2 protein chains.
Amino acid sequence: MPTIYDVAREAGVSAATVSRVLNGARTVDPAMVARVLTAVRELGYRPNAVARNLRRSRTTLWAVIISDIGNPFFTATVRGIEDVAQQAGYSVVLCNTDEDPAKEETYVAAALSEQMAGVIIASSGSVKAAKSLLESPIPVVAIDRELPRGAVDTVVVDNEAGARTATEHLLGAGYQRIACITGPEGVSTADLRLRGYAGALSGQPLVVRTDFREQGGYDAMASLLSSPERPDAVFVANNLMTVGALRCLAEHGVDVPGEMGLVGFDEIPWADLVRPSLTTVTQPTYELGRMAARLLVDRIATPSAKPATVVLPAELHPRQSSTR
Amino acid sequence: MPTIYDVAREAGVSAATVSRVLNGARTVDPAMVARVLTAVRELGYRPNAVARNLRRSRTTLWAVIISDIGNPFFTATVRGIEDVAQQAGYSVVLCNTDEDPAKEETYVAAALSEQMAGVIIASSGSVKAAKSLLESPIPVVAIDRELPRGAVDTVVVDNEAGARTATEHLLGAGYQRIACITGPEGVSTADLRLRGYAGALSGQPLVVRTDFREQGGYDAMASLLSSPERPDAVFVANNLMTVGALRCLAEHGVDVPGEMGLVGFDEIPWADLVRPSLTTVTQPTYELGRMAARLLVDRIATPSAKPATVVLPAELHPRQSSTR
DNA sequence: CTGAAAGCGCTAACAA
DNA sequence: TTGTTAGCGCTTTCAG
């Protein structure tokens, strides 16, 4: 691989001049610019970003650390982030933790070591990873879930209100005994959605906690079906678990919405093509990504500003699964 | 941020010794090891990977460049890649091109500049990006789609055979006039699946080309419905387009599979929960990712080996949408 | 087993 | 406007 010195020699100028040309300084003689560019082309020179980053002590990469690459919630959010990042001159590298705190710690460590320009993270709950980030000077924005014990810029939806609306919707449809399937304790979305659900009930809550995966939803629903206090409706706190729950109901021949009402948090791709179509509480995912990216841009520009929390609204989309 | 010299001073040793400790050299006195580790902890020292990469002239990052982060095909593949990468000591950064050749070129340039250890790419068809990769010394593995004019390690499924099987399945179910919705010309999956379809037909093919997105499938199906030679079945060359086609049929009140048979290439999440459930040709996505990652590990170890092409089988999953 | 010193490739003061 | 020079933080010879 040719270096900047090879180009300089070829063009008969100094390395500094090559650097200036390549970085768009306009204090360079047009004739030299031409010679340099020719040399660059002839040698197939490509600047070494590692060396540049070291010298400048900064990079133009953002790490976006998400907890499940298979979850459409995140893919839509990532698009919003990418669009803003690109405009602001950053590239986005995606890190998938698969809800595994150990992987999260690995990626956070990598982001810090690699001197990334910023981090956007949907925490899977690792206190250690959160601590590393907060103690470092790297700009951070938390999305979807609050960072454990972290005072950083945050973009979330109104989880509690969304869950309350969903539960009230089931009550309004005449369901009597409404259960809730939610995620792990300590993950803010799981806890807040649970709180919204419980707040809407007058009677005793009936709660199953599991992970946020499809299989977890399936298992949770199976346990509810065989429970002595079998519910007649369920509010499920994320999209993948909702799909799992629906599959469980289909396999057990339970009629939805007749025997069992169902509302899920998060949009589900093709929720309208599934039968019965699924009532969901949707989040403005793309907008959430855009907002997070904008906060990160601002944070990089003004590291000392006070952290902001942006709460976006969630919206109920009534469909067949909750209407009897 | 403390540097290795700060740690050295704190521990009363040289920077070289700190480096040795941190890199697991066993030729260091245990007492020094202890002192160094204490100093590291006290200062919260974190090695600067940028400096290390520059010095070593190599990194431990793989760029995985995919064309659509919202496509479940890729998310499953990425999981397979990640699992192998992690075991081999590499981290994976994901780059999403959204089927945009310009974005693909940007990410390829970044991967080269950042001196990534390797690249796994599902090309969106940019000849320029392919050229950059092939001219560089960076190890490359192509997945899903062949790299334009590239002699590199490649992992694909047997697109032609899969498409032929799907089409024959529709013929066997009694459909008379079978159309094909496929992707852009020049993208190998689009062309090979088209060839498999055409090869199975005895009559005249009826083809609509569009992009590989959901909206494209919708529009293509709409045009087929209003065509004078309206088909009674369609083979759709990828998953997202299949969903779009299905939505179009649902909105137009066309009975599937009665009035219109449907088979899609690629698995679709919850294909079994959609009504009618979708007949698909599925690929071993996770395995494909694993295989690509293994090829990359080998390629990094032996850059001069002859490029290999691995073809994995595709498999028909008959469901309701093609059975009348 | 440990330390001194060089240098990876680049950019940015500073000087000319 | 251009070149010289120093040095970003680390690893790795080479001496000792």
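Naming: A, B, ... by sequence-line order, numbering from 1 per chain. Note that the coordinates shown come from a computational prediction; the quantities given were computed from them, not determined experimentally.
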Do Phe74(B) and Asp144(B) have side-chain heavy atoms sitting under 4.5 Å apart?
yes
Using distance only, find each side-chain donor-acceptor pair of residues 39-58 of chain B under 3.5 Å and give its atom names and separation, not counting sequence neighbours.
unit_1   : atom_1 : unit_2   : atom_2 : d
Asn48(B) : OD1    : Val50(B) : N      : 2.8
Asn48(B) : OD1    : Ala51(B) : N      : 3.1
Asn53(B) : ND2    : Ala49(B) : O      : 3.1

With heavy atoms under 4.0 Å as the rule, sort Thr3(A) into base, sugar-phosphate or nothing.
sugar-phosphate
Do the side chains of Val152(A) and Leu134(A) get nearer than 4.5 Å, heavy atoms only?
yes
Are Asp153(B) and Thr309(B) packed together at the side-chain level, in the sense that at least one heavy-atom pair is separated by less than 4.5 angstrom?
no
Answer yes or no: is there a side-chain heavy-atom contact under 4.5 Å between Val156(B) and Ser188(B)?
no
Do Arg290(B) and Asp83(B) meet the salt-bridge criterion of a basic N to acidic O distance under 4.0 Å?
no
Nearest-0.5 Å distance that lies between atom CD in Glu82(B) and atom CD in Gln86(B)
8.0 Å
Range on DNA chain D touched by chain B - first to last nucleotide, heavy-atom distance under 4.0 Å:
dG9(D) to dT13(D)
Distance in Å, Thr59(A) OG1 paired with Leu61(A) CG, rounded so as to fall on 0.5 Å steps
5.0 Å
Looking at residues 7-22 of chain B, who's got a heavy atom less than 4.0 Å off DNA chain D?
Ala16(B), Ser19(B), Arg20(B)
Just by modelled atom types, is the Ile69(B) backbone N or O under 3.5 Å from a matching donor or acceptor in the Asn96(B) side chain?
yes
Is there a residue in residues 40-53 of chain A whose heavy atoms reach under 4.0 Å of DNA chain C, and which residues are they?
Tyr45(A), Pro47(A), Asn48(A), Ala51(A), Arg52(A)
What are the bounds, 5' to 3', of the part of DNA chain C that sits under 4.0 Å from heavy atoms of chain A?
dG9(C) to dA13(C)
In plain terms, say whether Glu99(A) and Arg145(A) are close enough for a salt bridge, that is, a side-chain N and a carboxylate O under 4.0 Å apart.
yes
Which heavy-atom pair separates Pro139(B) from Ala117(B) by the least distance, and what is that distance?
CD-O, 3.5 Å
Could you pick out which residue, Arg55(B) or Thr27(B), lies toward the 5' side of DNA chain C when each is mapped onto its nearest nucleotide?
Thr27(B)
Take atom CD of Glu105(A) as the centre, draw a 6.0 Å sphere, and report whether it contains more than 12 heavy atoms from other residues, nucleotides or ligands.
yes
Describe, as an angle rounded to 10 degrees, how the axis at the first end of the helix from dC1(C)-dG16(D) to dA16(C)-dT1(D) is tilted relative to the axis at the last end, five pairs per end.
40°
Salt bridge between Asp68(B) and Arg79(A), side-chain N to carboxylate O under 4.0 Å?
yes
With no hydrogens and no angle check, is any side-chain donor or acceptor of Ser14(B) less than 3.5 Å from a backbone partner on Thr17(B)?
yes
Would you check if Leu112(A) and Ser132(A) make a side-chain contact, meaning some heavy-atom pair closer than 4.5 Å?
yes
